J.: 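Starting off with a structure, shown below.
The chains referred to below are lettered A, B, ... by the order of the sequence lines, with proteins before strands, and numbering in each begins at 1. Since this is a predicted model, take the numbers as computed values, not measurements.
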There are 2 protein chains.
Amino acid sequence: MEDHSTLKEELNENLVEFFDRFTSWESSVIESSNLKISDAHAIEILGHYGRMNMKDLAGRLGITTGTTTITVDRLEKGGFAQRVRAEHDRRSYIIELTEEGTQAYEEHHRHHLNLAAEIAELLGDEETRTLIVLLKKINERI
Amino acid sequence: MEDHSTLKEELNENLVEFFDRFTSWESSVIESSNLKISDAHAIEILGHYGRMNMKDLAGRLGITTGTTTITVDRLEKGGFAQRVRAEHDRRSYIIELTEEGTQAYEEHHRHHLNLAAEIAELLGDEETRTLIVLLKKINERI
DNA sequence: TCAAATAGTTTGATGATCTAACAATATGAA
DNA sequence: TTCATATTGTTAGATCATCAAACTATTTGA
């Protein structure tokens, strides 16, 4: 259907395919965890960046604080996270992972590292380093 | 928060960041189009692979035919696509983009090519070709 | 020919998300 | 200090995306 007559067209094709594959890989990992997608995302952020308040969590997730309230309610109900009163601002809560939440994060992280390891093995050290350099350049600018 | 003590950890970090950036870029492109996300995805598939029946469209989208019915209903209502009776199977419809739908696809595709062009310019021809090679290897196996 | 399979739709449910209005608290200028 | 304004988080009411299961119409194959 598509011809790759130019470099940018070929790059686009491969970027889109990579993105689609990564997307379906991520969904299947989340599915296997028995968590809702939004819960899994919140756990990912909290595990990666550490405890933070509702506003920052919403910001990192790219959603409103209203939606974040609902997500954190469910995480608390499921025993994955807890709200702790912020010391210096009584309007605010700090959200942190519980032991169970931390385990769920680590489980998810292991899946990611396995995928990265698989790619690194496929490419070899030299090309893996090259890929990292290219991704860094792109991430800085896009 | 993270240390990149191993190659796979550093690769994972950069892959995840790249994926997140691409995700939010894609949402903002769709938002600017005034289409619903599911409609935009269907238009992307139909524009890329051409006309197909409901079942194949659902398969390409990775959703059920029930959900696809709703999406195609809205695409028809909006004038972006139309159902045509399949010649050799009267249970089946072929879904195809209208003129307006094709324009919407091309608009979306232009955005993609602009992003690819931006990346290609950032990297230069040599590194762009390298990136394509690496993505191809990964896409074949993941 | 007719039972089983298939394509698509409908129905009833849940989940993810938004905006707008709200309550509680913090902040800063008069 | 005080009070208007800003900020943090929650709630309410809405839309959209999605699924599974039941259904209709049609095709297929033993």
J.: Could you tell me how far apart B:Leu35 (CG) and D:dT15 (P) are, to the nearest whole angstrom?
T.: 19 Å

J.: Send over the distance from A:Leu61 CG to C:dC18 P, rounded to a whole Å.
T.: 10 Å

J.: Please state how far atom CD1 in B:Ile30 lies from atom P in C:dT17, giving the value in whole angstrom units.
T.: 14 Å

J.: Would you say A:Ser92 reaches D:dG9's phosphate, i.e. side-chain N/O to OP1/OP2 under 4.0 Å?
T.: yes

J.: Strictly below 4.0 Å, N to O, side chains only: are B:Arg60 and A:Asp20 in salt-bridge contact?
T.: no

J.: Do B:Ile119 and A:Leu15 touch side chain to side chain, with heavy atoms closer than 4.5 Å?
T.: yes

J.: Counting distance only, does the side-chain N/O of A:Ser92 pair as donor-acceptor with the main-chain N or O of A:Asp89 below 3.5 Å?
T.: no

J.: Going by the angle between their ring planes, with limits at 30° and 60°, are B:His112 and B:Trp25 parallel, tilted or perpendicular?
T.: perpendicular

J.: Counting only heavy atoms not in B:Arg21, do more than 12 fall under 6.0 Å of its CZ?
T.: yes

J.: When the ring planes of B:Tyr105 and B:His109 are compared, do they come out parallel, tilted or perpendicular, using 30° and 60° as the limits?
T.: parallel

J.: When you compare the protein's N or O atoms with those of nucleotides 21-26 of chain C, which come within less than 3.5 Å of each other, and at what distance?
T.:
| from | atom 1 | to | atom 2 | distance (Å) |
| --- | --- | --- | --- | --- |
| C:dA26 | OP1 | A:Arg90 | N | 2.8 |

J.: Once you round it to whole Å, what is the distance between C1' of D:dA12 and CG of A:Asp73?
T.: 14 Å

J.: Assess the side chains of B:Gln103 and B:His108: does a donor N or O sit below 3.5 Å from an acceptor N or O?
T.: no

J.: Rounded off to whole Å, could you give me the CD-to-C1' distance for the B:Glu31 and C:dC18 pair?
T.: 11 Å

J.: Figure out the NZ/C1' separation between A:Lys77 and C:dG15, and round it to whole Å.
T.: 13 Å

J.: Dump every N/O contact between nucleotides 17-20 of chain D and the protein below 3.5 Å, one line per pair.
T.:
| from | atom 1 | to | atom 2 | distance (Å) |
| --- | --- | --- | --- | --- |
| D:dA17 | OP1 | B:Ile37 | N | 3.1 |
| D:dA17 | OP1 | B:Ser38 | N | 3.1 |
| D:dA17 | OP1 | B:Ser38 | OG | 3.2 |
| D:dA17 | OP2 | B:Ser38 | OG | 3.0 |
| D:dA17 | OP2 | B:Arg74 | NH1 | 3.1 |
| D:dA17 | OP2 | B:Arg74 | NH2 | 2.4 |
| D:dC19 | OP2 | B:Thr64 | N | 2.9 |
| D:dC19 | OP2 | B:Thr64 | OG1 | 3.2 |
| D:dC19 | OP2 | B:Thr67 | OG1 | 3.1 |

J.: Just how far, in rounded Å, is C1' of D:dT8 from CD1 of A:Ile95?
T.: 11 Å

J.: Report the distance from atom CG of A:Leu57 to atom P of D:dT8, rounded to the nearest whole Å.
T.: 14 Å

J.: Report the hydrophobic cluster partners of A:Ile70, with the cluster defined as I, L, V, M, F, W, Y residues connected by side-chain heavy atoms closer than 4.5 angstrom, directly or transitively.
T.: none

J.: Testing A:Glu127, A:Glu10, A:Glu17 one by one against B:Lys136 for a salt bridge (Lys or Arg N to Asp or Glu O under 4.0 Å), which residue passes?
T.: A:Glu10

